[in-house]
*Asks:* 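This is the structure I want to talk about, given as structure tokens.
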Amino acid sequence: MLATALTACGPYQYYDGTGIHDATAAEVVGAWENIEGTHVVLRKDGTALIEKLDGEGFDFDYGWRLSGTGTWRLADASGGQTVRLTLTTQTRVESRSPEASSVGESSPQAPRIYTWFFHVDRDRHDEVRLFFFYGNPDTGNTYAMNHETGS
């Protein structure tokens, strides 16, 4: 019975971080993208440009994608570093579903201000990568952002 209870917990329900503590702001600054067309620019001055960024955790399931401007900062905790990205000025809301012209009526209104917490990790080449978990905690799906080439 104990084995069932332990395996029913999702991979990130008790996630404590990547253990990375050596990333610098200079490594995080620049343009980031993912395969879904999301584009985020983290500037040296702590401001950010956000285009088509999906919600984190269960918010992903609402299907909205936010665009606008905001702020970011690199933080360190016992489990590892995170990039806290906050949308402060929303310029556009889109739906991830191509057949929907706007976010569905059953979904809550997309937030005007929103904060994501990206975990900081390193790939096998020691390059920084950013990710957050999305959807049901039992699945452990990660929303990965890659540094754009030349940024």
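Numbering starts at 1 and runs along the sequence shown.
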*Asks:* Could you tell me which non-hydrogen atom of Leu74 sits nearest to which non-hydrogen atom of Val28, and how far apart they are?
*Replies:*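 Of all heavy-atom pairs spanning Leu74 and Val28, the closest is CD1-CG2, 4.4 Å.
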*Asks:* Heavy atoms only: give me the nearest Thr82-His119 pair and the separation to one decimal.
*Replies:* CG2-ND1, 4.1 Å
*Asks:* Quick check: do Leu66 and Val93 have side-chain heavy atoms less than 4.5 Å from each other?
*Replies:*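 Yes - at least one pair of side-chain heavy atoms lies under 4.5 Å apart.
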*Asks:* Fit a plane to each ring of Tyr114 and Trp116, take the angle between them on a 0 to 90° scale, and name the class: parallel (under 30°), tilted (30 to 60°) or perpendicular (over 60°).
*Replies:* perpendicular
*Asks:* What distance separates Thr18 OG1 from Leu130 CG, expressed to the nearest 0.5 Å?
*Replies:* 10.0 Å
*Asks:* Closest heavy-atom contact between Thr38 and Val40?
*Replies:*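 Distance-wise, the nearest heavy atoms are CG2-CG2, 4.2 Å.
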*Asks:* Please report the shortest heavy-atom distance between Lys52 and Arg65, naming the atom on each side.
*Replies:*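 Minimum heavy-atom contact is O-NH2, 2.9 Å.
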*Asks:* Tell me whether Leu49 is reachable from Val83 by hopping between hydrophobic residues (I, L, V, M, F, W, Y) whose side-chain heavy atoms are closer than 4.5 Å.
*Replies:* no
*Asks:* Are Ile20 and Leu85 in one and the same hydrophobic cluster, where Ile, Leu, Val, Met, Phe, Trp and Tyr link if side-chain heavy atoms are under 4.5 Å apart?
*Replies:* yes
*Asks:* Would a line drawn from the ring center of His147 to the ring center of Trp32 be shorter than 6.0 Å?
*Replies:* yes
*Asks:* Going through the distances and angles, do Asn146 and Asp123 end up as a side-chain contact (heavy atoms from CB on, under 4.5 Å)?
*Replies:* CA-CA 10 Å; Asn146 299 305; Asp123 64 17; over 6 Å; no
*Asks:* Less than 4.5 Å apart, side chain to side chain, heavy atoms only: is that true for Thr69 and Thr91?
*Replies:* no
*Asks:* Kindly give the heavy-atom pair with the smallest separation between Arg43 and Trp72, and that separation in Å.
*Replies:* O-NE1, 2.8 Å
*Asks:* Of all heavy-atom pairs between Ala23 and Val128, which one has the smallest distance, and what is that distance?
*Replies:* CB-CG2, 4.2 Å
*Asks:* Out of Tyr134, Phe133, Tyr143, Phe132, which residue meets the ring pair (Phe, Tyr, Trp, His ring centres under 6.0 Å) rule with Phe118?
*Replies:*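 Only one of Tyr134, Phe133, Tyr143, Phe132 forms a ring pair (Phe, Tyr, Trp, His ring centres under 6.0 Å) with Phe118, namely Phe132.
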